[in-house]
Amino acid sequence: MSTLKLAIQKSGRLSEKSLALLQACGIKLSNGDRKLKTPASNFPIEVLFLRDDDIPQYVEQGVADIGILGENEVWEKAKDVALVSKLGFAQCRLSLAIPRDEPYTGLSFFANKKIATSYPNILEQFFAEQQIPVQIEAIGGSVEIAPGIGLAQAIFDIVSTGSTLQLNGLKEVETVKRSEAVMIGHKGLSQAKQTILDKLLFRMQAVRNAAENKYILLNAPTAVIPQIAYILPGMKSPTILPLQQEGWSSIHSVVKEDEFWDVIDQLKALGAEGILVVPIEKMVN
Ligand code: ATP
Ligand code: MG
């Protein structure tokens, strides 16, 4: 029997969400104490806990078959791996920031300036494309303090809310890339491993569909069912049940989370009443 080896971050911003994703897919890890390796008890998968920096290399070499990490780290390491799926969490941007009091005049501001970053490769590529010469100061962390201590005149770093920049007297002036957590895979997985990966992806899709959809139940005059069925097509078509009260029906369907409020307004306008909306745990199309 084959086992798929999945690398996730040992401890950091992605660890909890990566484990939560496995859990939502019904995968139980036999011990939760994050040894280097932990097999699942009910799925042919083994989890390796690593630093996120090392994951692209492990996946390229096939020491791990798949890995979960920030896209930013995938770009920076530029290893030969496949992008399997975007995961929709850990959204952040990679941005250029400068001291708050400096007037910003556009990208030419950076010409011949020193920029501190933990992402030298991404930054180098960006300024090469812009044909602007810059000096890149690669440092391991705490990039935001670099201008304050005189190491650089600007920084290039991960930003989500911008509060770290603000605390350090900096302002974000350019967004270079947007990143989120992704799954990467070894190129040339065996057929057996690919089959396990497909099973995992199928489960992940069901979890994702469920999070993006709600189950909706409502009462409406039987006469407006065609209009409601048009607004709420559901997975195939809505379920219609007669109410005991003559001329009324109960309608059950599925609605997308992001269309939800628009749909509710339309339903009310058609005379719908007693609208219930409930979460879905798993959804298989
Ligand atoms: P490791 O010890 O594994 O090398 P790290 O310190 O490099 O960890 P973390 O700070 O835990 O990394 O961040 C991991 C990933 O989470 C980043 O590569 C990025 O994709 C994402 N991330 C980082 N900061 C944020 C943020 N503020 N908001 C959202 N996502 C973020
Ligand atoms: Mg790291």
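Both ligands and their constituent atoms are indexed starting at 1 by order of listing.
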Run the contact test for E180 against ligand 1 with a 4.0 Å cut-off on heavy atoms, strictly below, and give the result.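 Not so, E180 does not reach ligand 1.
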Any donor-acceptor pair under 3.5 Å from [X] side chain to [Y] backbone:
| X | Y | answer |
| --- | --- | --- |
| Q9 | L69 | no |
| S118 | I139 | yes |
| Q91 | E180 | no |

Decide whether an N or O pair under 3.5 Å exists between D53 and ligand 1.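 Yes.
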Considering only protein heavy atoms, which is closest to [atom], and at what distance to one decimal place?
| atom | result |
| --- | --- |
| atom 29 (C) of ligand 1 | Q91 O, 3.3 Å |
| atom 2 (O) of ligand 1 | R51 NE, 3.4 Å |
| atom 18 (O) of ligand 1 | N72 ND2, 2.9 Å |
| atom 30 (N) of ligand 1 | A90 O, 3.6 Å |
| atom 22 (N) of ligand 1 | R13 CD, 3.5 Å |

Pair K214 + E257: basic N to acidic O under 4.0 Å: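 Here K214 pairs with E257 in a salt bridge, since their nearest N and O are under 4.0 Å apart.
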| Are the charged groups of E172 and R93 less than 4.0 angstrom apart, N to O? |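 The answer is yes: the pair qualifies as a salt bridge.
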Counting only heavy atoms not in [X], do more than 12 sit closer than 6.0 Å to its [atom1] atom?
| X | atom1 | result |
| --- | --- | --- |
| K268 | NZ | no |
| Q166 | CD | no |
| K171 | NZ | yes |
| K28 | NZ | no |

Within the 2.8 Å cut-off the protein N, O or S neighbours of the Mg ion (ligand 2) are D52 OD1, D53 OD1
